[in-house]
Amino acid sequence: MLTLEGLNLSFSSFRALRNPSMKRPVLEGTLLVVHFLVYFGGLFAVLSPGKALAFIAVHQGLFGVYLGSVFAPNHKGMPMIEDGTRLDFLRRQVLTSRNVRGGVLVDVFMGGLNYQIEHHLFPSMPTPALGRAQEITERYCAELGIPTTRPA
């Protein structure tokens with residue numbers, strides 16, 4: 001299933017253009033179309049059609065597995081919220097995900113998603129600020145008595 005995640009994200013990007021909360025749908029749509037024109041155009045310009053299609057299949061499959069290797073550690077082993085359980089936004093994010101620690105290499109490999117709690121709380125926050133947000137979030141959760149899963 002993970003091998004299809006890259007395709008799923010591409011389709012989701014186009015579906016998101018219809019969302020009325022999107023601030024600049026024309027710009028976003030234009031950039032998406034340009035991205036795919038350059039991606040497919042470049043591949044078909046330098047490879048035969050069969051090799052280009054094979055490259056796309058392998059590339060997208062590996063991309064999906066890579067994304068899974070980034071997403072999974074943040075949620076594996078965390079509690080599942082039972083149907084009917086009411087949690088506020090903060091508790092839902094803090095109790096169902098964890099941050100992953102590992103230094104600069106992990107930061108680069110995971111693209112900031114190793115700060116999963118903060119990423120979910122502040123999705124538009126720039127990646128370099130997530131580490132500082134983690135400190136603030138942990139202090140705030142401690143004040144409220146919300147347990148956080150500390151990174152190993």
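Here the structure is a predicted model, which is why all the values come from computation and not from measurement.
Side-chain contact between V70 and N114 is absent, with no heavy atoms from C-beta onward closer than 4.5 Å. Side-chain contact between F40 and I56 is present, with heavy atoms from C-beta onward closer than 4.5 Å. The shortest side-chain heavy-atom distance between L144 and L90 falls under the 4.5 Å cut-off. With contacts defined as side-chain heavy-atom distances shorter than 4.5 Å, the pair I117/Q134 does not qualify. Counting only heavy atoms from C-beta outward, the side chains of R98 and Q116 never approach each other to under 4.5 Å. A 4.5 Å side-chain heavy-atom check between M110 and V100 finds at least one atom pair inside the cut-off. Side-chain contact between I136 and E118 is absent, with no heavy-atom pair separated by less than 4.5 Å. F122 has its side chain within reach of T137: a pair of non-hydrogen atoms, C-beta onward, lies under 4.5 Å apart.
Shown here for M78 and S97, the closest heavy-atom pair between the two residues is CE-O, 3.5 Å. Taking all atoms of both residues into account, the shortest heavy-atom contact from N74 to L113 is ND2-O, 2.9 Å. Shown here for G68 and P73, the closest heavy-atom pair between the two residues is O-CD, 4.2 Å. Shortest non-hydrogen contact noted between P147 and V94 is O-CG1, 3.6 Å.
Hydrophobic clustering (ILVMFWY, side-chain heavy atoms < 4.5 Å, transitive): M22 and V33 are in one cluster. In the hydrophobic clustering of this structure, L47 groups with Y39; members are Ile, Leu, Val, Met, Phe, Trp, Tyr whose side-chain heavy atoms approach within less than 4.5 Å, directly or through other members. Each of F14 and V34 belongs to its own hydrophobic cluster when Ile, Leu, Val, Met, Phe, Trp and Tyr are linked at side-chain heavy-atom distances under 4.5 angstrom. Side-chain heavy atoms closer than 4.5 Å link hydrophobic residues (I, L, V, M, F, W, Y) into clusters, and following such links, possibly through other members, connects L43 to F36. Hydrophobic clustering keeps L27 apart from L37 (ILVMFWY residues linked when any side-chain heavy atoms are closer than 4.5 Å, directly or through intermediates).
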Test side chain to side chain contact (heavy atoms under 4.5 Å, CB included) on L67 and L9; report intermediate values, then the result. CA-CA 10 Å; L67 288 174; L9 287 175; 3.2 Å; yes
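Remark: L95 CG to D88 CG distance equals 9.0 Å, nearest 0.5 Å. Taking NE2 from H119 and CG from L130, the interatomic distance works out to 8.5 Å, rounded to the nearest 0.5 Å. Note that the CZ atom of F63 and the CD atom of E5 stand 8.5 Å from one another [nearest 0.5 Å]. Distance check: H35 NE2 to S10 OG gives 6.0 Å after rounding to the nearest 0.5 Å. The line from CZ of F55 to CD of Q60 is 9.0 Å long, rounded to the nearest 0.5 Å. If you take OG1 on T96 and CG on L87, they are separated by 8.5 Å, rounding to the nearest 0.5 Å.
In this structure, a donor-acceptor pair under 3.5 Å is absent between the side chains of H120 and Y115.
Within a 6.0 Å radius of OH in Y140, other residues, nucleotides and ligands contribute 12 heavy atoms or fewer. When the shell of 6.0 Å around CZ of F89 is examined, it contains more than 12 heavy atoms from other residues, nucleotides or ligands. More than 12 heavy atoms of other residues, nucleotides or ligands lie within 6.0 Å of CZ in R139, so this atom counts as buried by the packing criterion.
The closest donor-acceptor contact from the side chain of T85 to the backbone of I81 lies at 3.5 Å or more, if one exists at all. Looking at D107, its side chain never comes within 3.5 Å of a backbone N or O of G112 through a donor-acceptor pair.
For Y66 and F109, the ring centers sit closer than 6.0 Å to each other.
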